[in-house]
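The structure appears below as structure tokens.
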Amino acid sequence: MSDSEDESDIQYVPFNQREEWKDVVPIPQDDGPHPVCVIAYTDQFSDTLNYFRAILKKDERSPRALEISKEVIALNPANYTAWYFRRNVLEALKSDLTEELAYVSKVGNSNPKNYQIWFHRRWVVEHLKDYSHELSYCAKQVEGDSKNYHAWAHRQWAIQMNGQWEGELDYISQLLTEDVRNNSAWNQRYFVITKNRAIPLTDDVIRREIDYAFSYMQKAPNNQSSWTYMKGLFLNRPYNSIPEFKQRIEEAKSKYVANAHAATLYLDILEKEATKESLEAADKVLDDLIKHLDTLHSKYWIWKKENVARLMQPQ
Amino acid sequence: MGDDDWPLILKNQSQYLHHMYNVLPTPYASQDSNRLTLLYFVVAGLDILGELDRVNKEQLVSYIYAQQVLPDKDDPDRLVGNCGFRGGSFYGRPYNPNNEPTSAEQYDKSHIAMIYTALSMLRMCGDDFSQVQKQSILKAIKSLQLPDGSFECVHGAGENDMRFVFCAAASCKMLNDFSGMDVDLAIQYIISSQSFDGGIGQGPGQESHGGSTYCAVAALFLMGRLDDLPRKDDLVKWCLDRQVSGFQGRSGKPPDSCYAFWIGCTLAMLNAYKFVEFPLVKSFQCSCVFKAGGFSKVPNAYPDVMHTYLSLGGLSLGGAQGLKSIDPALGYPISL
């Protein structure tokens, strides 16, 4: 089939009018006498599935089997049986998987959140042993929907399979420049700095990342992502491993007076410090959160305040 | 619709679900292969409204059992990975509600989400599981587990992620037998999927998401291993931060009615639902009510059965009137 041909371009012809299908006895669906959640299938849908069932029963791995799997997929791209069968036929026919990659890209473009399509794509790419198109394909999906979960997961998979770390941090910066609130991009940055063995998490790298987060935070201080990222940098190290960090956050909290995120991060630093002074300061931050900074979560902050009070009591 | 129309809202949901129970409109054809999950949302929706007694449960149970993929009648270990329940009748087997023995066929494959939804519906109908092929299903579930601890959904033929870790754990719990899973390996997968922000993604490195967070926490809860999860405080905070009015599924995204369930149940399991501002949740959910019945994902959109049940479930967690309580870990209404 040529690239420009599309399932929707081809006029549907009932199977009993197709010469090359004359030998096949269609198998209807059997839902019994009292079916529930009956789907109002179109005639085309029922007809196509009736003939597909017949091919499945025979496990016929032929060119026409490949064609009908395409038609079934066009009607229901989530039909995992059709995709599985298609893979078997592709292998039996020793089909050109470069063509298959083009096909799965086209179907993927129309159904960017379909699990079966992304899974099939992985299968094709693994068999081709060619990961060279994956980053651009994922970028294209992300262009259409910057938070497409499948695209990001596939991107992480491709990078890990191919070791294509180079350029990824720049790509993320590009996305964050377009939309600093893109949490998926922030997650991807964390993925790169923690999974890429070529970047050991030294104090210098952490400082660089803190500066990075601050620069983007300033564009949208009320967006949580950059603050969460900063906190995440200290997942496996104490806050005082970067001594100036506490003060930087304290200053940010003073600068962005109505900002719950700055206060929340500062609170976490104080709580983890766990001295008499820091807990007293924490108690004051909690009052601010409860009274005006984050009233939506006041019940939670009140509970936190009780916890801090317990910690402050003499042993 | 305002919340003071509450009794009318419930009445419309009931009508909508009874209608869907009979016929799903043509656009649902693209979900033909997971029809059993659609049935689950309808059945659970009717149950939560106290309306399940209005359907013919015997016929419903028959239909569910007819979707069971049976072990091969001569060699129960042949194609045992296919055992469980089908997504629907699209494979083309003759209707077999009494589960008369059959030969296994390669393309007649179970899907782990259908095992979960089938067993759940049987439970809701008060069935005693006497026709469930327990041993074959446990073997099938075991065959779906991958070296990283996650589960694929269809044997040798589907993707793997946190959704299916949940389906496996919930199914084993309902069968009262965890020999279908390497529990410790599954827990490793869950723990390594906890993000730097405290929430949990579909797999290691992936963005924290309300759906995968629910699946992970519920799986741990059902395996009795919730305490294995580190940073529970961060997780609670992450969940609470998802409330913006209603709940969002990820940081920075607009609220979506189904997250009142995914995030709500997670908070309930962590004993932290008390921190939710429920009136705001109820308001948002009501703004997603479709006038002719059903809930949609966001205001002014078409409804679907999934958002309908999950909205009702999310409302039940906050104590909305006229709804049964749900089991937050298993996901469906508790039988009295």
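All of these numbers come straight from a predicted model, not from anything done at the bench. Chain letters run A, B, ... following the sequence lines, proteins first, then strands; residues in each count from 1.
- Residue Phe85(A) touches chain B through both its backbone and its side chain, counting heavy-atom pairs closer than 4.5 Å.
- Asp197(B) has no carboxylate O lying under 4.0 Å from a charged side-chain N of Lys231(A), or vice versa, which leaves the two without a salt bridge.
- Both the backbone and the side chain of Asp59(A) come within less than 4.5 Å of a heavy atom of chain B.
- Within residues 102-109 of chain B, the residues having any heavy atom under 4.5 Å from a heavy atom of chain A are, by residue number, Glu105(B), Gln106(B), Tyr107(B), Lys109(B).
- Tyr149(A) and His209(B) have perpendicular rings, their planes meeting at more than 60° on a 0 to 90° scale where under 30° would count as parallel.
- For Pro27(B), the side chain to side chain contact (heavy atoms under 4.5 Å, CB included) partners two or more places apart in sequence, or in a different chain, are Pro25(B).
- Only the side chain of Phe45(A) has a heavy atom closer than 4.5 Å to any heavy atom of chain B.
- Checked for salt-bridge contact, Arg35(B) and Asp31(A) meet the test: a charged N lies under 4.0 Å from a carboxylate O.
- Contact annotation for Leu56(A): both backbone and side-chain heavy atoms come within less than 4.5 Å of a heavy atom of chain B.
- Looking at Arg87(A), only its side chain comes within 4.5 Å of chain B, counting heavy atoms on both sides.
- Below 30°, between 30° and 60°, or above 60°: for Tyr80(A) and His111(B) the angle between ring planes is between 30° and 60°, a tilted geometry.
- When heavy atoms are compared at a cutoff of 4.5 Å, Trp301(A) approaches chain B solely by way of its side chain, counted from C-beta outward.
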